[in-house]
Amino acid sequence: MIGDEQASAVCRTDPEAAARLLCAFSRELDQVKAEVAALTAENAVLRRDCQSLRDKVQALEEKAAKDSHNSSKPPSSDGLAKPKPKSLRPPSTRPTGGQPGHPGQTLRMVETPDHTVRHPVERCAGCGRSLVGQVPDRVERRQVFDLPEPTLEVTEHQAEVKTCACGCLTRAAFPPEVAAPVQYGLRVKSAAVYLKEYQLLPFDRLTEIMRDLFACDTFSEGTLANLSAACSRRLEPVEAIIRAQVGAAEVAGFDETGVRATGSLHWLHTVSTRWLTWYFAHTRRGREAMDAADILPDFRGRAVHDFWSSYLKYDCDHAFCNAHLLRELIFLWEEQNQQWAKTMIDHLLAIKAAVDAARTADRAALPAADLDRFHTRYRRIVDAGYAQNPVTESSAGPKRRGRRKQSKARNLLDRFRDHPDGILAFMRDFSVPFDNNLSERDLRMMKLRQKISGTFRSVDALVDFCRIRGYVSTARKNGLNALDALRRVFLGDPFVPAANTS
């Protein structure tokens, strides 16, 4: 490198050499600037690629960390590495087992048994003397409750045929349920439909059970399918009544789940109340199916559901499932250390505890002061969440159309900010549940049915299942025995729920 004195000397003694030197330095400087600019651009690309890889790694780590306790994934997806349950309920101070005053259940002796087996004393156990003729001092009793041997009772119906003196031939009428020369009776039919549609047994196992337990040696898959179809046809008027009643309910839960039918994906939709269950199957999940079900378009009550966007397109009051929100908050708290999420979890559970206590005390609502305090703290927690999750600056890359991508935390905060009335509806109206577990329970058996039997072989079989299952679920919610409710269908006197909008 040339110093100042050397440069001055060169300029005085040899101006031409100085000019050549300056040109060489200028060319080297331009080359260095070009290299710096290229490295700067390359560095920017590498930074973007590095950030993109970081985002992908974080997304994969978060995906691997999700399970049934911190997301909407079902427990069946946890596999063998099922996480240890972490209940949000505070520990109870009561001891485990039956509580004081609990009546309990056990077998009790009956006064008139069906069979009596006498065990006499013939000789003395001490001296061997005969005691055959001696009257016993007392009789000790023990009773065994058991099932009778499986056998079918055959009832023959004989209809008289008489010829009048006028020549007219008159036949006695058979009962309406006796429509064939040989057939199964009402108990067999109701038991078969009960095992198939309610206990969810597959065809092969069900026919085996009917043979082993009830000695129905000629039971076939075709017989079972015909019985389910016959039961479904008889329930069409009842299903229409259930559908009309859930459509008029003040509060109803809505949910949907996927189901395989005829080798393709269908969706099973449910509308549930405390007293009613109605199912509807469709090839689509969203608004097209909901319009076809024709409940939500005219629904004027409060719909309880998750944040599936199709529900929000209907003009009715909405309430959101807080169980879904709690799982998402747990994920943000455990995996991203979002402190506001833990605070919101505690706050929602505190409100729920206050509502439960008020309901137990037969109060119709929370005091206005409590409502204002809960709502104010709710807003402060949301503000704290936004402070912990500021808007990130946009990258220097090309701009994209559409909504700007946000973090999971900000997406959840937006929901809390935009839908406080739906999230806290259970706080202001005690008829609104804290979660949508009622609808989810009504759908849960569909997943079990798929695990056992797989796909439905026809859409008609799926429709029959929905109709029968909805009827049985409604009957059980109203305190009826499922088997008795199905027997009433074949008797021509099915259970019809009374109008109840709660």
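Atoms considered below: every heavy atom in the structure, side chains included; atoms not considered: hydrogens, waters and symmetry mates.
- You'll find the side chain of Phe490 reaches within 4.5 Å of the side chain of Arg234, heavy atoms only.
- With a 4.5 Å cut-off on side-chain heavy atoms, Asp306 and Asn436 do not count as touching.
- Using modelled atom types and a 3.5 Å distance limit, the side chains of Tyr471 and Arg476 yield no donor-acceptor pair.
- A distance-only check finds a donor-acceptor pair linking the side chain of Thr343 to the backbone of Gln339 [under 3.5 Å].
- With hydrogens and angles ignored, the 3.5 Å screen pairs a side-chain donor or acceptor of Gln183 with a backbone N or O of Ala179.
- A cation-pi arrangement is present between Arg285 and Trp308, with the terminal nitrogen or guanidinium carbon under 6.0 Å from the aromatic centre and inside a 45° cone about the axis.
- In this structure, the side chain of Thr223 does not engage the main chain of Phe219 through any donor-acceptor pair within 3.5 Å.
- Cation-pi contact between Arg467 and Phe280: absent, since separation from the ring centre below 6.0 Å together with deviation from the ring axis within 45° is not met.
- By the 6.0 Å contact criterion, CG on Asp315 is open, its count of non-hydrogen atoms from other residues, nucleotides or ligands being 12 or less.
- Side chain of Arg488 to backbone of Asp493: a donor-acceptor contact under 3.5 angstrom is found.
- Between Tyr386 and Arg410, the side chains place no donor N or O within less than 3.5 Å of an acceptor N or O (distance only, hydrogens not considered).
- Applying the 6.0 Å contact sphere to CZ of Arg373 captures more than 12 heavy atoms from other residues, nucleotides or ligands.
- Note that Lys189 lies outside the cation-pi zone of Tyr184, set by a 6.0 Å cut-off to the ring centre and a 45° limit from the axis.
- The closest side-chain heavy-atom distance from His375 to Arg379 is below 4.5 Å.
- The nearest pair of heavy atoms linking Ser272 to Asp442 is OG-OD2, 2.6 Å.
- Under the 3.5 Å distance criterion, with hydrogens and angles disregarded, a donor-acceptor pair is assigned to the side chains of Asp429 and Ser431.
- Checked by atom type and distance alone, the side chain of Arg359 pairs as donor or acceptor with a backbone atom of Phe430 at under 3.5 Å.
- Here the side chain of His347 pairs a donor or acceptor atom with the backbone of Phe374 at under 3.5 angstrom.
- Ring geometry for Phe254 versus Phe299: interplanar angle over 60°, hence perpendicular rather than tilted (30 to 60°).
- Between the Asn389 side chain and the Gly385 main chain, a donor and an acceptor come within less than 3.5 Å of each other.
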List the steps, then state whether side-chain contact (heavy atoms from CB on, under 4.5 Å) holds for His305 with His318.
-> CA-CA 8 Å; His305 50 79; His318 297 273; 2.8 Å; yes
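- With contacts defined as side-chain heavy-atom distances shorter than 4.5 Å, the pair Phe495/Asp484 does not qualify.
- At least one donor-acceptor pair closer than 3.5 Å links the side chain of Arg243 to the backbone N or O of Asp294.
- Rounding to the nearest 0.5 angstrom, the gap separating the CG atom in Leu443 from the CZ atom in Arg441 is 11.5 Å.
- No donor-acceptor pair closer than 3.5 Å links the side chain of Ser232 to the backbone N or O of Ser228.
- Figure legend: Lys477 and Trp275 shown without cation-pi pairing, the cationic atom not lying both under 6.0 angstrom from the six-membered ring centre and within 45 degrees of its axis.
- Phe307 carries Arg415 over the face of its six-membered ring, with the cationic atom under 6.0 Å from the centre and within 45° of the normal.
- Across all their heavy atoms, Leu462 and Ala261 have their closest contact at CD2-CB, 4.0 Å.
- Judged by a 6.0 Å distance limit and a 45° cone about the ring axis, Arg287 is positioned over the six-membered ring of Tyr314.
- Comment: Lys447 does not engage Glu440 in a salt bridge, judged by the lack of any side-chain N to carboxylate O separation of less than 4.0 angstrom.
- One N or O on the side chain of Arg469 and one on the backbone of Glu197 form a donor-acceptor pair closer than 3.5 Å.
- A 6.0 Å sphere centred on CZ of Arg300 holds more than 12 heavy atoms belonging to other residues, nucleotides or ligands.
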